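Written below as structure tokens is the structure these notes are about.
Every chain is numbered from 1 and lettered A, B, ... according to where its sequence line falls, protein lines coming before strand lines. Computed from a predicted structure; not experimentally measured.
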There are 2 protein chains.
Amino acid sequence: MTEVQSGTPRRRRGEHRPTVADVAHKAGVSAMTVSRVVNGDTHVREATRIRVLAAVAELGYVPNQAARSLAGGKQFRIALLHSNPSAAYLSEFMVGALREASASGAQLLVEHCAENPDPAAIAVQLADHRIDACLLPPPLCDDARLIAAMLEQGMPIAQVATGQPHPQASSVAIDDEAAAHAMTARLIAKGHRRIGFISGNPNQTASALRRAGFARALAEAGIAADPRLIANGDFTYRSGLAAARKLLGCKPRPTAIFASNDDMAAASVAVAHQQGLDVPRDISICGFDDTAMATTIWPELTTIRQPITEMARIAVKALVKRSKPGAPAPRPMQLKFTLVGRESDGAVPPK
Amino acid sequence: MTEVQSGTPRRRRGEHRPTVADVAHKAGVSAMTVSRVVNGDTHVREATRIRVLAAVAELGYVPNQAARSLAGGKQFRIALLHSNPSAAYLSEFMVGALREASASGAQLLVEHCAENPDPAAIAVQLADHRIDACLLPPPLCDDARLIAAMLEQGMPIAQVATGQPHPQASSVAIDDEAAAHAMTARLIAKGHRRIGFISGNPNQTASALRRAGFARALAEAGIAADPRLIANGDFTYRSGLAAARKLLGCKPRPTAIFASNDDMAAASVAVAHQQGLDVPRDISICGFDDTAMATTIWPELTTIRQPITEMARIAVKALVKRSKPGAPAPRPMQLKFTLVGRESDGAVPPK
DNA sequence: CTGAAAGCGCTTACAG
DNA sequence: CTGAAAGCGCTTACAG
């Protein structure tokens with residue numbers, strides 16, 4: 001047995017793990033009181049709380065989740081419904097969702113579904129799996145038919161990263177408009193005037209918001225909008241390739257491209273390279289999302305980072321909270337984004 | 001309430017869910033017998049089993065996992081330890097791990113750790129979180145020091161995708177050597193003789209296996225190994241960029257490049273494009289892993305697919321099984337890979 | 001602010 | 001092959 005340093009007592013696996021009873025005994029209180037302290041109940045005398053906490057630490061007590069949810073009669077099952085698995089996004093999302101689920105004793109089920117799911121089929125699937133609430137990352141967060149059907153059935157849902165929160169759903173998002181505005185303003189501050197924009201999938205509500213932020217920054221800087229500098233994409237790399245080709249074909253050429261996500265920005269970098277352009281010396285290129293793609297390619301992309309893990313965590317928390325009596329009505333929540341400046345953008349090139 | 005079609009009875013959330021007692025009553029047996037049937041115990045008369053199963057179906061009974069693990073006294077906690085989060089890999093991995101964990105009533109904890117973790121620190125972390133077993137995806141699956149330390153402590157572990165299974169660990173992998181051999185043979189069959197190879201991170205045991213498979217295929221075809229056609233990479237896109245430049249600088253130029261993973265293959269495509277080469281007309285490029293990168297870029301990559309989700313599922317299953325009395329000794333398991341032919345490779349170009 | 005009792009839904013010995 | 005009883009570790013009313 002390797003000797004390790006820690007304040008927590010070591011014990012071989014298989015040995016008896018401390019229970020509330022052990023803690024109660026050591027602290028000289030009842031099991032109930034231990035439970036109260038552990039669950040953050042406020043109606044406990046401070047001295048008692050301290051004694052219990054000390055016993056918990058000394059014994060290395062960790063609550064048994066199974067007993068907890070059995071006694072609580074909860075056994076809350078949350079489905080993470082996803083289609084179109086942007087694997088990188090999903091992975092960050094799952095880490096956050098799982099963390100909160102395990103902290104609050106809920107069970108997380110990951111269910112894949114069609115890109116354009118049949119609401120009735122989903123309803124069956126959820127009922128068969130005894131799902132109590134649903135987590136909807138993009139693009140499902142924007143599927144109005146699906147959401148209406150679930151809500152009508154009384155299924156609590158949380159939309160993550162939608163631009164259009166449903167009043168009866170919990171939702172967590174960033175301010176996509178403000179983020180796009182910030183990125184565009186950064187480019188303008190670096191001297192760019194001819195900035196190409198690649199829009200995202202029109203079916204996702206965030207797409208319009210990003211475009212609106214771009215347009216507002218331009219307007220605020222007194223730069224006339226040039227429709228030829230807007231290219232339609234759909235968030236795929238392939239659509240980014242076509243859009244970038246269109247943009248780079250304009251005369252005079254734009255000095256910067258702001259793509260609505262990283263995949264399309266990466267495609268723009270590829271097209272620029274094919275045309276013998278150096279990034280960022282000859283042209284600046286920025287993305288959105290800060291997915292793995294942003295740091296995989298070279299140069300690494302300046303982009304907008306959403307706190308995906310945290311957003312998922314909060315969404316799960318909201319769902320769990322709503323399952324308890326006296327829960328407040330669902331409401332939209334907004335988290336801060338970060339503009340991550342890396343190597344793909346720079347000053348406007350001299351004439 | 002939307003009307004849905006299904007054999008399972010619908011009920012509003014919050015309503016009483018059927019328990020073993022309900023099933024037992026309906027089937028005219030004891031709760032014990034229901035438990036036996038549900039858990040696949042063989043010592044049950046066939047007629048009884050059928051009756052119980054019918055009751056289960058009719059009531060839409062689903063066992064309560066919390067009660068199950070509480071009664072079973074298990075409450076098995078498995079840590080998925082990961083560093084260097086190749087997000088795409090991790091996401092597929094988590095889906096599989098989570099699926100099996102929830103099916104077998106184990107709890108899955110996702111713990112991030114340093115790229116080159118201090119075994120003692122990890123031991124503390126695991127003990128603090130009351131971890132019963134550990135899941136090690138790459139590159140941690142190849143960290144000999146970490147593995148030795150955990151094993152010494154008596155921690156059951158499962159290595160996924162290692163080229164060098166530890167005799168005391170469970171392990172699940174594909175045959176990396178055979179996969180690389182298959183890919184190389186495919187290229188040879190298409191007429192290629194000058195095939196460049198980009199190796200992976202030398203710290204991962206799979207790297208050497210992939211290279212060995214490449215070499216064997218060459219030897220079997222009677223093609224002399226040319227050391228100038230081997231470039232060292234480390235699995236990053238950036239290293240792929242440098243390796244591809246080196247390879248494409250050879251005279252005569254290789255007609256194909258086989259990179260040890262998709263990121264490096266994607267980098268090779270980028271370099272080829274920069275040099276005005278068409279893929280696959282002028283040069284064939286293949287990857288390994290079938291990550292999101294493979295289908296994101298254009299042309300889509302011909303690559304090797306590992307059943308990552310299934311590998312993770314099996315690894316969890318092995319760990320859970322080993323936690324039960326009378327479990328067999330851990331052993332290495334091997335799953336089938338698939339060669340996925342897409343658009344990045346073709347016939348050797350005419351002279 | 002604190003506690004004694006009951007019970008959550010299952011499985012594990014122990015019988016027969 | 002089948003069942004009655006006890007108990008897993010917690011929390012929830014209900015008291016005081």
Side-chain angles (χ1 to χ4, degrees), chain A residues 14-52 55-56 59-77 104-107 130 320 323-326, chain B residues 14-52 55-56 59-77 104-107 130 320 323-326:
Chain A
E15 273 180 53
H16 174 72
R17 285 181 177 173
T19 69
V20 271
D22 298 321
V23 177
H25 180 76
K26 171 145 250 150
V29 298
S30 73
M32 263 239 57
T33 298
V34 173
S35 173
R36 284 200 185 90
V37 171
V38 169
N39 290 294
D41 189 319
T42 46
H43 302 289
V44 179
R45 215 189 338 154
E46 194 52 24
T48 311
R49 168 189 308 284
I50 290 173
R51 227 160 353 114
V52 171
V56 164
L59 259 24
Y61 169 73
V62 172
N64 180 321
Q65 278 301 347
R68 209 171 210 181
S69 46
L70 178 56
K74 311 172 221 177
Q75 185 61 188
F76 197 61
R77 293 161 66 92
S104 55
Q107 203 183 344
R130 291 283 119 79
V320 170
S323 75
K324 296 185 175 158
Chain B
E15 272 181 55
H16 173 73
R17 284 179 180 176
T19 69
V20 269
D22 299 321
V23 177
H25 180 78
K26 170 144 251 152
V29 298
S30 73
M32 264 240 53
T33 298
V34 173
S35 173
R36 284 199 185 92
V37 171
V38 169
N39 291 294
D41 188 320
T42 46
H43 302 288
V44 178
R45 212 187 342 150
E46 194 51 24
T48 310
R49 166 187 311 283
I50 290 173
R51 230 164 348 117
V52 171
V56 164
L59 259 24
Y61 169 72
V62 172
N64 180 322
Q65 277 301 348
R68 210 171 210 179
S69 45
L70 179 56
K74 307 170 222 177
Q75 186 60 190
F76 197 60
R77 293 162 66 93
S104 55
Q107 203 182 346
R130 290 283 118 80
V320 171
S323 75
K324 298 188 173 155

From CG of B:N64 over to P of D:dG9, roughly how many Å is that when rounded to an integer?
16 Å
If you look at every heavy atom in B:V37 and B:R49, which pair is closest and at what distance?
CG2-CA, 4.1 Å
In whole angstroms, how far is the C1' atom of C:dT2 from the CZ atom of A:R51?
11 Å
Side chain of A:S30: nearest nucleotide among D:dC8, C:dA4, C:dC8?
C:dA4
Taking only the side-chain heavy atoms of B:R45 (C-beta and beyond), determine which of C:dT2, D:dC1, C:dG3 contains the nearest atom.
D:dC1
Considering only heavy side-chain atoms of A:T19, the closest of D:dG9, D:dG3, C:dC1 is D:dG9
A:R68 versus A:N64: any side-chain heavy-atom pair under 4.5 Å?
no
Measure NE2/B:H43 against C1'/D:dT2 and give the value in whole Å, please.
12 Å
Measure CZ/A:R68 against P/D:dT12 and give the value in whole Å, please.
10 Å
Take B:V44 and B:A67, find for each the nucleotide of DNA chain D with the closest heavy atom, and name the residue whose nucleotide sits nearer the 5' end.
B:V44
Protein-nucleotide distance (A:L59, atom CG; D:dG9, atom P), rounded to Å:
14 Å
Mind listing the closest non-hydrogen atom pair of A:P18 and A:Y61 along with its distance?
O-CD1, 3.3 Å
Contact under 4.0 Å: B:T48 side-chain N or O vs D:dC1 OP1/OP2:
no
To check you understand the geometry: which heavy-atom pair defines the closest contact between A:V320 and A:A106, and what is its length?
CG2-CB, 4.1 Å
Minimal heavy-atom distance between A:R51 and A:A27, with the atoms involved, is NH1-O, 2.8 Å
Tabulated below should be each protein N or O lying under 3.5 Å from an N or O of nucleotides 14-16 of chain C; please produce it.
none

Between C:dT11 atom P and A:L70 atom CG, what is the distance in whole Å?
12 Å
Of the listed C:dG9, D:dG3, D:dC10, the closest approach to the A:P63 side chain comes from D:dC10
For a 4.5 angstrom cut-off between non-hydrogen side-chain atoms, does A:H25 reach A:D22?
no
Check A:V44 against A:R36 and note the closest heavy-atom contact, atom names and distance.
CG2-CB, 3.8 Å
Expressed as a whole number of angstroms, how long is the span from A:I50:CD1 to C:dC1:C1'?
15 Å
Tell me whether the OP1 or OP2 atom of D:dT2 has a side-chain N or O from B:T33 closer than 4.0 Å.
no
Whole-Å distance separating the CD atom of A:E46 from the C1' atom of C:dT2:
16 Å
For DNA chain C, the dot-bracket notation using Watson-Crick and G-U wobble pairs below 3.5 Å, [ ] for pseudoknot-type crossings and | for other-strand pairs, is |||.||||||||.|||
For A:V52 and A:V23, the nearest pair of non-hydrogen atoms, with its separation, is O-CG1, 4.1 Å
